[in-house]
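Residue numbering restarts at 1 for every chain, and letters A, B, ... go by the order of the sequence lines.
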Amino acid sequence: MLNYDLVVVGGGPAGMAAALKAKECGVHDVIILERAETLGGILEQCIHSGFGLTYFKEELSGPEYAAKFIDLIEKTDIVVKTDTMVLNIDENNVVTAVNKKDGLLKIQAKAIVLAMGCRERPRGALEIAGTRASGIMTAGTAQKYVNLDGYMPGKKVVILGSGDIGLIMARRMTLEGAEVKVVCELMPYSGGLTRNIVQCLNDYNIPLRLSTTVVATHGTDRLEGVTIAQVDEHLQPIESTKEYIECDTLMLSVGLIPENELTKNVGIGIDRVTNGAVVDEMRQTDHKGVFACGNVLHVHDLVDFVTMEAQLAGEGAADYILHGERETVYVPTTTGNGVRYIVPQRVNIKNPNDVKLYFRVGRIFKNAKVVLEIDGNVIYSRKKIKLAPGEMEDVVIPADVLKGMTAESTIVVRVEE
Amino acid sequence: MCYDVAIIGAGVIGALTARELSRFALHTVLLEAAGDVAMGATKANSAIVHAGFDALPGTLKAKFNVKGAEMMPHVCEELSVPYKNNGSLVGAFSEEEKAHVQKLYERGLANGVPRMEILDESALKALEPNLAPEACGALLAASAGIVCPYELTIAATENAVTNGVEFKRNCKVEGIDFADGVFTLHTTLGDIQTKYVINCAGVHSDEVSHMVGDDSFHIIPRRGEYFILDKAVGNMVSHTIFQCPTAMGKGILVSPTVDGNLLIGPTAEDVDDSKRDDTETTPAGLQLVKRFACKSCPAVSTRNAITSFSGMRAHPDVDDFILGPSKANAQFIQGAGIESPGLSSAPAIAVYLANVLVEAIGDVCKNESFNGERKDVFRFRHATDEERQAAIARNPAYGRIICRCETVTEGEIIDAIRAPAGARDVDGVKRRTRAGMGRCQGGFCGSKVVEILARELGLELNDITKFGRDSKILFDKTK
């Protein structure tokens, strides 16, 4: 059995930032366990730019953004094990992992940061009828083939879902000489960032068809075409709008699912909306000493926010390791009108600092107000020209307000139309 | 070179028959039209070992089902294939259905089915608390089980090849001539000569039969659609739950799988002869499965679906298995018309077909080096920590996880490719190792499996296919 103060599961942007922050706060023995061959996580295949505008105030590609953190980690004594898969975490914070070199590893951790990221929703979860031809893949898999392996996964492409990876891949495939025929989105709005719709679709004249889905795939060997159809207000396909589109590739960008299998095995409480752990403002889960951050906690729109969240988790883990448990009085955060979820789900009012609440809305709002209400009083409100499910929003509970709260207090975030 | 026997079709019947024949000193060849074994009805069915109360007494189905179900645990143990004796329940969801359950019980007795019992409502609900409130009784058949049909077929083929059977994939029989007591099979890999043929061609078995002038039966391709649900709901029921047939159809089953998922289905839709290989799912079929599965278990939700699929069953117009020498040519032996309970019957059918052949040939020696055990299969996810440590020490590739969802290592994937009659494509690796079978459906490991296949087979990444033929995954290199 090995002993570490902090075990970080996952060496993507979240894991790296959490490990660095914990180190900076004075934690001695930190180890990062990463399943891929290198640190960096999904950023390694995101060769487009647009990363770092918020955090570094400069525009970077995914690998450039990751490299900044990898360089910092190399300057520390943080132990990094790549090509290493965590198999289990038990209730005593013992982490079991495996790799080719060490075989099975058992590590007793004082604290653990979960930073496993997320996966893409596959075809099977969508109930698309039809054949099982090749050429149906998630946008992220296609991205890996093009950007890391250097192969074209298709020539005539239909994309289902307008998540950011799908939008990015529409542009990427076009630049590589493929014909992207259409992006279909089931909902009446896109789940992606506005900037991606403009820069990846509009700039290349790729049509985005809202309230439209793929109802069937055709072709026995390689995909030969798909049938698309508009959907009604219950999201059911309208028979009369069915249309056949010839294509050899169907890319799916229909949602990301936090990878919480390890989390669930520990028995940590999961938020049914985010599919991530229930956490407090330092990103501590309901299992003492286990923290979570990044896309394993909730799917983020920008990596910059992942970094900031991971730093909180790193700081929280460091505090737990160095000072033990703090006094806690938890108040839950409650979603009001129009708000789908809030992270953190609960706030320790004994925390002496400002607490930022991240949230997403459930639909498009125009000229609406974001309101933070504590104990029935509006603490803060902000006018927004547009609120969209694809973009994360935030409000701050100031430290002095927190100080005045009690265990019976209420925290509500809502949208006022 | 003239073979003693050519088996046409490497489904569960062909593969197990090949293994039975490998007990004898015979030149046996197993021919498969597709790029891998188990690509027809074997790939996509209910994966149930039926107890044997369904078929009418006196039919071949009844006889072979009961015998096959009895043999299955031992065959699976020899071949290191997971089998689970979970028992089955035919639920009665109304008073009228109770009468049907009673009828099945009596039929089971006539067929010689062991360990059956009629359960009342409270006994049923104690066994299966997640059944619908309407469930008011059931037939429990404790001898029923579950098995993975393609894993059984892969294992049987591997074992047959180890024991001397030749296996040819992508070898479609397109015509048969017979002269001087010898068949010439015209195949996509050239002509093959053989003294005997065993027809295990599944949904195409009538077409193959026609090639020797036997038109005694016709296969009606019957499509069945299914959902596989996530392991998170795999324990919703512990028994295989059947429904009584109604005017609306035979009913939809809800069953755990040996791998811990939940399986719901199938529909039963007869399709055109021209669509024998069209295993597509349909919106109507999938809707039907969802609707009827809820009759047994209201909590079943396809929100947990990880995939859906359809299989084509070889329904013979004569309504029973067609086994034994053909009337048109005594050296042409039928193992045809195998539909449910074909998987359950397979071990018994294989022994029967092998015996028919050996008797026909007469003086056949035993294969002295025959070893029916297939034991050295390492499965990381089932191994203890000590076994894992030892395996990694032996071969570090067992320490590299490729498929996260199903915890499959690089070593297991390499084994699957290098095995006798091993994997040649991504789906072949998936069926042998479960890499890509999990909840992400190959999103992460798919590209890694392509890399390992290319490396092992000495090919480029864009040579690798999903399931052979033109099912390519990648096109040219990027600019």
Side-chain angles (χ1 to χ4, degrees), chain A residues 35 83-85 87 96 98-104 106 116 119-138 140-141 144-155 175-178 215-223 237 248-249 252 257 259 261 264, chain B residues 225 227-228 232 277-286 290 302-310 380 385 388-389 392-393 396-401 404-405 407 409-410 426-427 439-444 446-447 450-451 461-462 465-479:
Chain A
R35 57 193 164 201
D83 226 346
T84 301
M85 182 78 178
L87 300 170
T96 306
V98 67
N99 67 29
K100 281 170 104 159
K101 216 172 106 234
D102 306 290
L104 280 185
K106 296 238 182 225
M116 293 87 79
R119 63 169 175 265
E120 298 174 280
R121 191 182 298 279
R123 179 232 178 120
L126 301 178
E127 282 180 40
I128 303 172
T131 54
R132 293 295 170 271
S134 69
I136 303 168
M137 65 195 85
T138 61
T141 300
K144 177 175 182 289
Y145 282 132
V146 180
N147 291 348
L148 296 185
D149 297 331
Y151 280 91
M152 283 297 275
K155 288 176 176 171
L175 292 174
E176 286 293 339
V215 292
T217 57
H218 310 279
T220 45
D221 293 351
R222 178 78 192 195
L223 189 71
D248 56 35
T249 305
L252 305 172
I257 307 167
E259 291 236 272
E261 280 65 36
K264 289 175 191 165
Chain B
E225 300 184 38
F227 281 98
I228 290 273
D277 298 310
D278 267 13
T279 51
E280 59 178 30
T281 53
T282 64
L286 295 178
K290 279 161 69 167
T302 50
R303 275 176 59 99
N304 299 106
I306 58 175
T307 193
S308 55
F309 64 89
S310 93
F380 187 92
D385 280 357
R388 288 171 174 179
Q389 205 60 289
I392 298 165
Y398 290 126
R400 185 165 184 241
I401 305 287
R404 310 167 182 180
C405 302
T407 325
T409 64
E410 183 171 17
V426 173
D427 283 358
R439 45 176 71 96
C440 94
Q441 289 285 292
F444 286 111
S447 63
V450 170
E451 280 166 34
L461 293 185
N462 55 353
T465 64
K466 186 168 184 285
F467 50 81
R469 294 193 311 245
D470 297 322
S471 64
K472 56 151 78 196
I473 292 164
L474 299 171
F475 290 82
D476 304 331
K477 290 197 169 175
T478 51
K479 288 172 283 185

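Across A:Ser134, A:Gly140, A:Gly154, the residue that shares the most heavy-atom pairs under 4.5 angstrom with chain B is A:Ser134. Per-residue heavy-atom pair counts under 4.5 Å with chain B were compared for A:Asp248, A:Thr138, A:Leu126, and the maximum is reached by A:Asp248. Your options are A:Met137, A:Lys101, A:Lys264, A:Glu261, and the one with the most heavy-atom pairs under 4.5 Å with chain B is A:Glu261. Listed options A:Ala216, A:Ala133, A:Gly135, A:Pro153 were ranked by heavy-atom pairs under 4.5 angstrom with chain B; first place goes to A:Pro153. With respect to chain A, the highest number of heavy-atom pairs below 4.5 Å among B:Tyr398, B:Phe467, B:Phe475 belongs to B:Phe475. Between chain A and the residues B:Asp385, B:Ile228, B:Asn304, B:Leu474, the largest count of heavy-atom pairs under 4.5 Å involves B:Leu474. With chain A as the partner, the residue from B:Gly399, B:Ala393, B:Ala284 showing the most heavy-atom pairs under 4.5 Å is B:Gly399. Options A:Arg35, A:Glu259, A:His218 differ in how many heavy-atom pairs under 4.5 Å they form with chain B, and the most are formed by A:Arg35. Between chain B and the options A:Met152, A:Arg121, A:Lys106, heavy-atom pairs under 4.5 Å are most frequent for A:Met152.
The contact between B:Arg404 and chain A is made by backbone and side chain atoms together, counting heavy-atom distances below 4.5 Å. For B:Arg400, the parts sitting under 4.5 Å from any heavy atom of chain A are the backbone and the side chain alike. Using a 4.5 Å cut-off between heavy atoms, B:Asp277 makes no contact with chain A at all. The part of B:Ile392 that comes within reach of chain A is its side chain, from C-beta onward, which places non-hydrogen atoms under 4.5 angstrom from that chain. Looking at B:Glu225, neither its backbone nor its side chain comes within 4.5 Å of chain A, counting heavy atoms on both sides. For a residue to count as touching a neighbouring chain, one of its non-hydrogen atoms must lie under 4.5 Å from one of that chain's; by this rule A:Glu176 touches chain B with backbone and side chain alike. Only the side chain of B:Thr407 comes within contact range of chain A, with at least one heavy atom under 4.5 Å from a heavy atom of that chain. For chain B, the nearby part of A:Leu175 is the backbone; its heavy atoms alone come within less than 4.5 Å. Proximity to chain A (any heavy atom under 4.5 Å) is restricted, for B:Ile306, to the backbone atoms N, CA, C and O.
Side chains of A:Thr220 and B:Thr279 form no contact here, defined as non-hydrogen atoms less than 4.5 Å apart. Counting heavy atoms from C-beta on, the side chains of A:Asp221 and B:Thr465 never come closer than 4.5 Å. The shortest distance between side-chain heavy atoms of A:Tyr151 and B:Val450 does not fall below 4.5 Å. Side-chain contact between B:Glu410 and A:Asp83 is absent, with no heavy-atom pair separated by less than 4.5 Å. Residues A:Lys155 and B:Asp476 meet the side-chain proximity criterion, which asks for heavy atoms closer than 4.5 Å.
In this structure, B:Asp278 places its CG atom where more than 12 heavy-atom neighbours from other residues, nucleotides or ligands lie under 6.0 Å away.
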Discussion item. Test side chain to side chain contact (heavy atoms under 4.5 Å, CB included) on B:Arg439 and A:Ile257; report intermediate values, then the result.
Written reply: CA-CA 11 Å; B:Arg439 45 176 71 96; A:Ile257 307 167; over 6 Å; no
Worksheet item: Is there a salt bridge (charged side-chain N to carboxylate O under 4.0 Å, His left out) between B:Lys290 and A:Glu127 once you walk through the steps?
Response: CA-CA 11 Å; B:Lys290 279 161 69 167; A:Glu127 282 180 40; 2.8 Å; yes
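Separation of atoms CZ (B:Arg388) and CG (A:Leu87) is listed at 5.5 Å; rounding is to 0.5 Å. Atoms CZ and SG, on A:Arg119 and B:Cys440 in that order, are 6.5 Å from each other to the nearest 0.5 Å. Rounded to the nearest 0.5 Å, atoms CG (A:Asp149) and CD (B:Glu451) are 5.0 Å apart.
Listed for the B:Thr478 side chain is a donor-acceptor partner under 3.5 Å among the backbone atoms of A:Gly150. A donor-acceptor contact shorter than 3.5 Å links the side chain of A:Thr141 to the backbone of B:Gly443. The main-chain N or O of B:Ile473 is found under 3.5 Å from a side-chain atom of A:Arg222 such that the two form a donor-acceptor pair. At least one donor-acceptor pair closer than 3.5 Å links the side chain of B:Thr281 to the backbone N or O of A:Gly130.
Residue B:Gln389 comes nearest to A:Asp102 through the heavy atom pair OE1-O, 4.3 Å, listed as atom of the first residue, atom of the second, then distance.
Between A:Arg132 and B:Asp427 there is no salt bridge, since no side-chain N of the basic residue sits under 4.0 Å from a carboxylate O of the acidic one.
A donor and an acceptor atom, one from each side chain of A:Arg123 and B:Ser308, are nowhere located under 3.5 Å apart.
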